[in-house]
Participant: 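To start, I am sharing the structure in question, which I have written as structure tokens.
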Amino acid sequence: MSDCIFCKIASGAIAVSPVYEDDDFIAFPDIQPQAPVHILVIPRRHYNSLVEVEDAGVLGQALQAVQKTALALHLHSEGFRTVINTGDNGGQTVHHLHFHVLGGRFMTWPPG
Ligand code: AMP
Ligand code: ZN
């Protein structure tokens, strides 16, 4: 989608500093971090949200990209949180599927 900011990041039109990337996914720091480590993992292909993905393989690959991102950042020993905001009630503001990876501090529950 030409006006989608995450598509522009995925294509390289907007430069980011990737912490993990492969042919299908790219992970980069959130511009408004909510934790000492706050990374967004996105598919290069545009999906509006989680509910648009019909291919279970893509969902599996996405979680694998999250896993690889956490491992690359050494978040796995202390733990981390993965968040997928979906739609208005979910608090989704960017309508290109993305996985928040938050770490570096204790995460409270329930979320706000
Ligand atoms: P959500 O509210 O789940 O849709 O999350 C969207 C996230 O994208 C927010 O945490 C924003 O801070 C983040 N964000 C928006 N624009 C950019 C950008 N250009 N680079 C990095 N993160 C961004
Ligand atoms: Zn997009």
Side-chain angles (χ1 to χ4, degrees):
M1 287 190 130
S2 56
D3 60 345
C4 170
I5 189 145
F6 285 0
C7 280
K8 288 178 183 160
I9 288 172
S11 70
I14 293 177
V16 293
S17 300
V19 297
Y20 170 79
E21 63 181 320
D22 60 32
D23 286 349
D24 300 314
F25 296 90
I26 180 169
F28 55 91
D30 195 294
I31 206 168
Q32 282 191 294
Q34 303 300 316
V37 180
H38 187 171
I39 302 299
L40 299 173
V41 180
I42 68 169
R44 293 188 189 274
R45 177 173 166 184
H46 182 95
Y47 301 92
N48 281 328
S49 77
L50 179 65
V51 293
E52 277 214 347
V53 186
E54 293 178 350
D55 185 342
V58 170
L59 294 176
Q61 286 162 3
L63 278 182
Q64 228 166 15
V66 167
Q67 180 195 62
K68 288 177 179 172
T69 298
L71 289 169
L73 295 173
H74 305 288
L75 294 175
H76 47 293
S77 54
E78 291 194 329
F80 61 94
R81 181 167 290 173
T82 306
V83 175
I84 312 168
N85 295 327
T86 304
D88 290 342
N89 274 1
Q92 185 177 5
T93 59
V94 176
H95 297 279
H96 177 130
L97 175 64
H98 53 280
F99 299 72
H100 296 260
V101 176
L102 299 141
R105 67 167 169 82
F106 182 80
M107 302 292 157
T108 58
W109 191 265

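Read the numbers this way: they start at 1 and go in the same order the structure lists the ligands and their atoms.
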Participant: Report yes or no: does H95 have a heavy atom closer than 4.0 Å to ligand 1?
Facilitator: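 Per 4.0 Å heavy-atom rule, H95 does not contact ligand 1.
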Participant: So, is Q92 polar-close to ligand 1, with some N/O to N/O distance under 3.5 Å?
Facilitator: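 Between Q92 and ligand 1, no N or O pair is found under 3.5 Å apart.
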Participant: Is the closest heavy atom of H98 to ligand 1 under 4.0 Å?
Facilitator: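 Contact present.
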Participant: Tell me the closest heavy-atom pair linking D3 and K8, and the distance in Å.
Facilitator: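 That would be CA-NZ, 4.4 Å.
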Participant: How many angstroms lie between atom OH of Y20 and atom CG of L71, to the nearest 0.5 angstrom?
Facilitator: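 The distance works out to 10.5 Å.
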Participant: With respect to F6, determine whether any N or O atom, backbone or side chain, lies less than 3.5 Å from an N or O atom of ligand 1.
Facilitator: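 Among all N and O atoms of F6, none is under 3.5 Å from an N or O of ligand 1.
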Participant: Enumerate the atoms of ligand 1 whose separation from the nearest heavy atom of P29 is less than 4.0 angstrom.
Facilitator: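 Checking each atom against P29, I get 21 (C).
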Participant: Short check: any N/O/S atom of H95 below 2.8 Å from the Zn ion (ligand 2)?
Facilitator: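 No, outside the cut-off.
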Participant: Output the list of atoms in ligand 1 that are nearer than 4.0 Å to some heavy atom of F28, sorted by atom number.
Facilitator: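 Selected atoms, number and element: 21 (C).
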Participant: Under a 4.0 angstrom heavy-atom cut-off, which atoms of ligand 1 come close to N85?
Facilitator: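 It comes down to these atoms of ligand 1: 1 (P), 2 (O), 3 (O).
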Participant: Which bit of L40 gets closer than 4.0 Å to ligand 1, counting heavy atoms only: side chain, backbone, both or neither?
Facilitator: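 Within the 4.0 Å criterion, L40 contacts ligand 1 through side-chain atoms alone.
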Participant: Side chain, backbone, both or neither: which part of F99 comes within less than 4.0 Å of ligand 1 when only heavy atoms are counted?
Facilitator: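 Contact part for F99 vs ligand 1: neither.
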Participant: So, for H96 and H98, is the gap between ring centers shorter than 6.0 Å?
Facilitator: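 For H96 and H98, the ring centres are not under 6.0 Å apart.
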Participant: Is the number of heavy atoms from other residues, nucleotides or ligands within 6.0 Å of CG (N89) greater than 12?
Facilitator: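 Not more than 12 within 6.0 Å, no.
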Participant: Take atom CD in E78; do more than 12 heavy atoms of anything else shown fall under 6.0 Å from it?
Facilitator: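 At most 12 heavy atoms, drawn from other residues, nucleotides or ligands, come within 6.0 Å of this atom.
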Participant: Are any of the N or O atoms of I9 closer than 3.5 Å to those of ligand 1?
Facilitator: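 The answer is no, given that I9 and ligand 1 share no N or O pair closer than 3.5 Å.
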Participant: How far does CG of N85 sit from CG of L97, to the nearest 0.5 angstrom?
Facilitator: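 Spacing of CG (N85) from CG (L97) equals 11.0 Å.
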Participant: Heavy-atom count check: over 12 atoms from other residues, nucleotides or ligands less than 6.0 Å from R105 CZ?
Facilitator: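 For R105, atom CZ is crowded (more than 12 foreign heavy atoms under 6.0 Å).
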Participant: Dump the intermediate steps for side chain to side chain contact (heavy atoms under 4.5 Å, CB included) on I9 and F28, then the final yes or no.
Facilitator: CA-CA 9 Å; I9 288 172; F28 55 91; 3.7 Å; yes
Participant: Go through the steps to decide whether F25 and T69 satisfy the test side chain to side chain contact (heavy atoms under 4.5 Å, CB included), and finish with yes or no.
Facilitator: CA-CA 10 Å; F25 296 90; T69 298; over 6 Å; no
Participant: Evaluate side chain to side chain contact (heavy atoms under 4.5 Å, CB included) for H100 paired with I84, printing each intermediate quantity in order.
Facilitator: CA-CA 6 Å; H100 296 260; I84 312 168; over 6 Å; no
Participant: Just let me know how Q34 lines up against ligand 1, side chain, backbone, both or neither, with a heavy-atom cut-off below 4.0 Å.
Facilitator: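 No part of Q34 comes within reach of ligand 1.
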Participant: Of all heavy-atom pairs between F80 and V101, which one has the smallest distance, and what is that distance?
Facilitator: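 In terms of heavy atoms, the two residues are closest at CD1-CG1, 4.0 Å.
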Participant: Using only atom types and a distance under 3.5 Å, with no angle test, would you say the side chain of R44 pairs donor to acceptor with the backbone of A10?
Facilitator: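 Yes: the side chain of R44 pairs with the backbone of A10.
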Participant: Starting from atom 10 (O) of ligand 1, locate the nearest protein heavy atom and write down its residue, its atom name and how far away it is, to 0.1 Å.
Facilitator: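 Going by distance alone, atom 10 (O) of ligand 1 is nearest to D30 OD2, 2.5 Å.
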Participant: Which protein non-hydrogen atom lies closest to atom 22 (N) of ligand 1, naming both residue and atom, and how far is it?
Facilitator: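 For atom 22 (N) of ligand 1, the nearest protein heavy atom is I31 N, 3.1 Å.
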Participant: Please could you name the atoms of ligand 1 that G91 approaches to less than 4.0 Å, counting only its heavy atoms?
Facilitator: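 Contacts of ligand 1 toward G91, numbered from 1: 1 (P), 2 (O).
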Participant: Tell me which N, O or S atom of H96 sits nearest to the Zn ion (ligand 2).
Facilitator: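 Result: ND1.
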Participant: Side chain or backbone of I5 under 4.0 Å from ligand 1, or both, or neither, by non-hydrogen atoms?
Facilitator: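 The answer is the side chain.
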Participant: Can you name the N/O/S atom of H46 that is nearest the Zn ion (ligand 2)?
Facilitator: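 Among the N, O or S atoms of H46, the one closest to the Zn ion (ligand 2) is ND1.
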Participant: Under a heavy-atom criterion of less than 4.0 Å, does P33 contact ligand 1?
Facilitator: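 Per 4.0 Å heavy-atom rule, P33 does not contact ligand 1.
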Participant: Looking only at protein heavy atoms, identify the closest one to atom 4 (O) of ligand 1 and say how far it is in Å.
Facilitator: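 Checked against all protein heavy atoms, atom 4 (O) of ligand 1 sits closest to T93 N, 2.7 Å.
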